[in-house]
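What follows is a single structure, written as structure tokens, with notes after it.
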There are 2 protein chains.
Amino acid sequence: MSIDRKQLILEAASKSFTMFGYKATTMDQVAKLANVGKGTIYTFFKNKEELFDEIIKGLVREMKVAAEESYDESKSFYENVHRSLMRVLEFRKEHQLTIKLFQEEKEMGTPAVTEVIGTLEKVVITFIKDRVVQAIERGDITDCDPELTAFVMLKLYIALIFDWEKNHKPLEKEQILSLFQKYIFDGLSR
Amino acid sequence: MSIDRKQLILEAASKSFTMFGYKATTMDQVAKLANVGKGTIYTFFKNKEELFDEIIKGLVREMKVAAEESYDESKSFYENVHRSLMRVLEFRKEHQLTIKLFQEEKEMGTPAVTEVIGTLEKVVITFIKDRVVQAIERGDITDCDPELTAFVMLKLYIALIFDWEKNHKPLEKEQILSLFQKYIFDGLSR
DNA sequence: TGAATGACTAATTTGTCCATTTGGTCACTT
DNA sequence: AAGTGACCAAATGGACAAATTAGTCATTCA
């Protein structure tokens with residue numbers, strides 16, 4: 001049996017997207033990186049955008065699995081957020097790709113990237129929202145709008161990961177976690 | 001004494017920036033709107049960018065005065081944040097301008113606008129930071145990194161004002177205030 | 001014989017003019 | 001002396017050409 005060409009292509013494309021972004025990676029380049037003919041790519045993927053979407057779908061799937069694995073019914077909501085966040089932050093490769101995509105979205109506005117980020121955010125918010133609903137039912141957290149809460153958590157995460165680095169040195173994983181605790185869970189009041 | 005032409009120009013430009021953004025307002029247009037000759041503008045302002053900067057300086061000054069007026073030493077930090085936020089949200093005209101600028105920054109990346117927003121954020125963060133330092137000293141809030149806290153507060157504000165509207169109906173002033181209370185001050189924990 | 005390929009084509013992007021617009025000046029008016 | 005708008009140089013936008021890139025398909029070869 002020959003090597004799995006589809007996998008080779010996915011990995012090559014993923015690497016290229018991470019390094020150069022969506023717009024700047026050419027299909028020729030992906031073919032070269034994957035050591036396959038360009039035509040081969042098109043036997044597995046209808047076009048560039050579908051190749052991109054499949055990579056994102058894979059990323060979402062892995063993230064979801066990771067977040068679900070780290071979920072423990074018996075632990076508190078905060079504990080679970082902590083563990084999920086930790087797991088997500090440890091996905092260096094996937095994380096790097098999303099960072100690159102956020103960059104490209106911000107400074108070039110590539111439509112395919114904008115779209116992907118939109119769905120990515122929707123998926124994440126839906127995921128968090130469901131957990132928030134459970135947490136409210138269980139009485140882990142105070143009553144709140146689950147969608148809005150998920151939205152705020154995601155925005156806080158993005159702000160700490162992407163925006164803070166623009167003018168300051170990056171935050172450590174542990175810092176990000178403790179900031180989540182401080183701002184979202186405990187609050188600043190005495 | 002004739003009418004204050006400088007003021008006329010500032011108001012006309014401000015109005016035009018608010019309606020069409022920085023790039024799309026022409027100096028001819030501003031002259032027409034202000035009912036002055038184009039040359040007159042250049043007797044008061046070196047160029048378009050300086051005219052823009054003066055408008056922003058004015059906006060910052062007014063905001064600062066408003067925030068300072070609404071500050072009351074005898075009240076708690078949260079109470080003061082509440083009052084300042086309320087005042088800022090009531091500046092319809094200035095608020096409209098900043099919204100337009102944020103839009104232009106996001107979808108066209110006009111350099112002059114990017115720069116202005118950068119300094120605007122710096123000013124706001126410095127302002128909040130100072131208040132946070134005081135609040136910590138007074139024991140109003142738990143110990144925290146003042147800069148990071150100011151950053152988080154600003155980002156939360158921007159997320160609620162600008163980003164939430166992309167996919168949901170705008171939040172009311174009262175909602176925004178209560179969300180600040182919920183997420184930043186009280187926390188979600190029970 | 002069918003999976004893989006890369007030369008080929010169509011479509012998109014980039015680069016280069018030129019026409020138009022716009023920021024900025026200044027001789028002239030009031 | 002303050003104010004102006006015709007004027008000029010610089011920036012911008014649009015039309016067209018050149019170059020790059022996405023996507024196809026006849027050919028190869030295992």
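Convention: sequence-line order gives letters A, B, ...; per-chain numbering from 1.
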Pairwise side chain to side chain donor-acceptor pair (under 3.5 Å) hits with a residue in residues 114-133 of chain A, at least two apart: A:Glu105-A:Thr114, A:Lys129-A:Glu147

Min side-chain heavy-atom separation A:Lys93-A:Thr18 under 4.5 Å: no

Nucleotide D:dT20, atom P - distance to NZ of A:Lys32 in whole Å: 14 Å

Row check, A:Tyr22 ring normal vs A:Lys100 NZ/CZ: under 6.0 Å, within 45°: no

Polar pairs (N or O, both sides) under 3.5 Å between protein and nucleotides 23-30 of chain C?
from   : atom 1 : to      : atom 2 : distance (Å)
C:dG23 : OP1    : B:Thr25 : O      : 3.4
C:dG23 : OP1    : B:Lys48 : NZ     : 3.2
C:dG23 : OP2    : B:Met27 : N      : 2.7
C:dG23 : N7     : B:Lys38 : NZ     : 3.1
C:dG24 : OP2    : B:Tyr42 : OH     : 3.2
C:dG24 : OP2    : B:Lys48 : N      : 2.8
C:dG24 : N7     : B:Lys38 : NZ     : 3.0
C:dG24 : O6     : B:Lys38 : NZ     : 2.4

Inter-end axis angle, the helix from C:dT1-D:dA30 to C:dT30-D:dA1, with every axis fitted to five base pairs (rounded, 10 degrees): 20°

A:Phe17 and A:Phe52 aromatic ring geometry - parallel, tilted or perpendicular at 30°/60° bounds: perpendicular

Euclidean distance, atom CZ of residue B:Phe44 to atom P of D:dT4 [Å, nearest integer]: 10 Å

B:His82 NE2 to B:Gln181 CD distance, which is reported to the nearest 0.5 Å: 8.5 Å

Sequence neighbours excluded - ring pair (Phe, Tyr, Trp, His ring centres under 6.0 Å) pairs with any residue from residues 106-151 of chain B: A:Trp164-B:Phe151

Set of residues satisfying side-chain hydrogen bond (donor to acceptor under 3.5 Å, both in side chains) with respect to B:Glu69, sequence neighbours excluded: B:Arg87

Of all pairs that satisfy side chain to side chain donor-acceptor pair (under 3.5 Å), the ones with a partner from residues 24-37 of chain A, not counting sequence neighbours: A:Ser16-A:Gln29

Whole-Å distance separating the CZ atom of A:Arg5 from the P atom of C:dG2: 17 Å

Gap between atoms CG and C1', on A:Asn35 and C:dG6 respectively (whole Å): 14 Å

